[in-house]
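None of these values were measured; they are calculated from a predicted model.
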Amino acid sequence: MPQHFVAPPQWEWYIVWYFFLGGLAGGAYLIGTLLRLMGDPRDQGVSRLAFLVAFPAMVICPILLTLDLGHPARFWHMLVNSRTGALNFKYWSPMSMGAWALLGFGLFATLSFIEALVQEGRLRHGLARGIADVMGGVLGRLFMVLGALFGLFVAGYTGVLLSVSNQPVWSDTWALGGLFLASGLSVGAATLAIVTRARVDAPTTERKLSRADRVFIVLELVLLAVFFATLGALAGRLFAPRWLVLWVLVAVGTLGPLLMYRAPGAGRRGSPVLAGWLVLLGGLALRIVVIFGAQI
């Protein structure tokens with residue numbers, strides 16, 4: 001078993017919520033893009049809703065990240081070299097790559113958010129209308145594809161960031177990037193299922209979201225098994241008595257929705273919403289136990 005000589009980074013709730021909302025934002029943006037490009041006209045309302053969800057979740061992420069730094073005013077040092085004024089881009093550093101990816105994803109999420117507002121008739125300013133016109137064409141489709149790639153990176157890189165650290169548990173597995181990505185996609189789909197039922201009457205799209213979330217949850221369960229297998233004996237560290245309730249929530253937030261999606265009455269009103277809330281609860285519990293459990 002490898003030995004580690006490193007002090008825990010003492011990441012706390014700011015980082016937990018940053019990882020959770022980053023996954024949600026990236027997952028929601030990807031689903032919105034797929035519905036826009038590959039769905040039928042009945043899916044377009046939910047596609048716009050996905051971009052409306054992705055933007056505020058994304059906006060909160062840099063706020064949480066800067067607050068965790070302890071000196072929020074120094075966040076720009078991650079992007080610009082304070083001594084030379086040159087861009088501080090380090091392709092070999094997951095932290096630097098993550099900061100730039102978050103900035104890039106912010107651009108895509110913002111413009112897609114503006115387009116969604118215009119299409120819903122909430123924004124009629126000339127510049128916003130011009131953005132919506134461009135986004136409605138071929139360039140807009142390419143833009144959304146690139147934005148979805150950035151969203152996938154943001155959703156998954158948090159796990160990679162943990163894996164390349166020297167912290168026990170995190171550095172002893174290569175599965176965290178994929179696990180957090182699958183969880184982010186599942187959380188994004190679940191969030192859209194909840195808000196869709198509240199705002200849009202789109203039963204066809206709801207069924208698509210349920211099927212997609214089922215796939216994401218299965219992928220998450222497979223990667224969770226890989227995560228434990230690669231950890232070996234170290235996995236016991238995450239199963240200390242203090243974390244058992246959280247693992248119960250992870251199980252309920254994955255197996256519960258799978259059973260609900262397969263149930264004969266899964267399409268009745270209220271069931272997708274309950275399944276969605278269970279997924280959100282499980283996704284948050286997963287990040288709590290992985291982040292806090294490795295630092296004890």
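- To the nearest 0.5 angstrom, I194 atom CD1 is 9.0 Å from L274 atom CG.
- R48 and D43 are not joined by a salt bridge, as no carboxylate oxygen comes within less than 4.0 angstrom of a charged side-chain nitrogen.
- The side chain to side chain donor-acceptor pair (under 3.5 Å) check on T191 picks up nothing, with sequence neighbours excluded.
- Ring orientation note: the planes of F20 and W17 are nearly perpendicular, at an angle over 60° on the 30°/60° scale.
- In this structure, the side chains of L162 and F19 come closer than 4.5 Å at one or more pairs of heavy atoms.
- Residues L139 and F150 fall into different hydrophobic clusters, defined by Ile, Leu, Val, Met, Phe, Trp and Tyr side chains chained together at heavy-atom separations under 4.5 Å.
- Note: the hydrophobic cluster containing L259 does not contain V215 (ILVMFWY, side chain heavy atoms under 4.5 Å, direct or indirect links).
- Hydrophobic clustering (ILVMFWY, side-chain heavy atoms < 4.5 Å, transitive): L244 and V169 are in one cluster.
- Side-chain contact between L192 and D213: absent, with no pair of heavy atoms (C-beta onward) separated by less than 4.5 Å.
- Remark: L221 CG to F227 CZ distance equals 14.0 Å, nearest 0.5 Å.
- Although no hydrogens or angles enter the test, the distance criterion places a donor-acceptor pair under 3.5 Å between the side chain of T230 and the main chain of V226.
- Between the side chain of S47 and the backbone N or O of G32 there is at least one donor-acceptor pair closer than 3.5 Å.
- Annotation: the span from L127 atom CG to I131 atom CD1 amounts to 4.5 Å, rounded to 0.5 Å.
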*May I have the step-by-step check of side chain to side chain contact (heavy atoms under 4.5 Å, CB included) for F143 and T33, ending in yes or no?*
CA-CA 10 Å; F143 182 91; T33 299; over 6 Å; no
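- For the pair S163 (side chain) and T173 (backbone), a donor-acceptor distance under 3.5 Å is present.
- The closest side-chain heavy-atom distance from L176 to V290 is below 4.5 Å.
- Between F292 and W13, the ring-plane angle classifies as perpendicular under the 30° and 60° cut-offs.
- Rounded to the nearest 0.5 Å, atoms CD (E12) and CG (L67) are 13.0 Å apart.
- Within 6.0 Å of the CZ atom in F228, the count of heavy atoms belonging to other residues, nucleotides or ligands exceeds 12.
- I217 has its side chain within reach of V279: a pair of non-hydrogen atoms, C-beta onward, lies under 4.5 Å apart.
- At distances below 3.5 Å, at least one donor-acceptor pair connects side-chain atoms of W247 with backbone N or O atoms of L238.
- In the model, R287 has no side-chain atom that pairs as donor or acceptor with a side-chain atom of T158 under 3.5 Å.
- Residues M144 and L37 are in side-chain contact: their nearest non-hydrogen atoms beyond the backbone lie under 4.5 Å apart.
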Compile the donor-acceptor pairs under 3.5 Å between side chains in residues 109-118 and protein atoms, sequence neighbours left out, one pair per line.
unit_1: T110; atom_1: OG1; unit_2: G106; atom_2: O; d: 2.6
unit_1: S112; atom_1: OG; unit_2: Y29; atom_2: OH; d: 2.7
unit_1: S112; atom_1: OG; unit_2: F108; atom_2: O; d: 3.1
unit_1: E115; atom_1: OE1; unit_2: R36; atom_2: NH1; d: 3.4
unit_1: E115; atom_1: OE2; unit_2: R36; atom_2: NH1; d: 3.1
unit_1: E115; atom_1: OE2; unit_2: Q119; atom_2: NE2; d: 3.1

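- For the pair L209 and I31, the minimum side-chain heavy-atom distance is below 4.5 Å.
- Contact of the C61 side chain with the Y18 side chain is registered, since non-hydrogen atoms from C-beta on lie closer than 4.5 Å.
- Taking 4.5 Å as the limit, some side-chain heavy atom of L179 sits within range of a side-chain heavy atom of L286.
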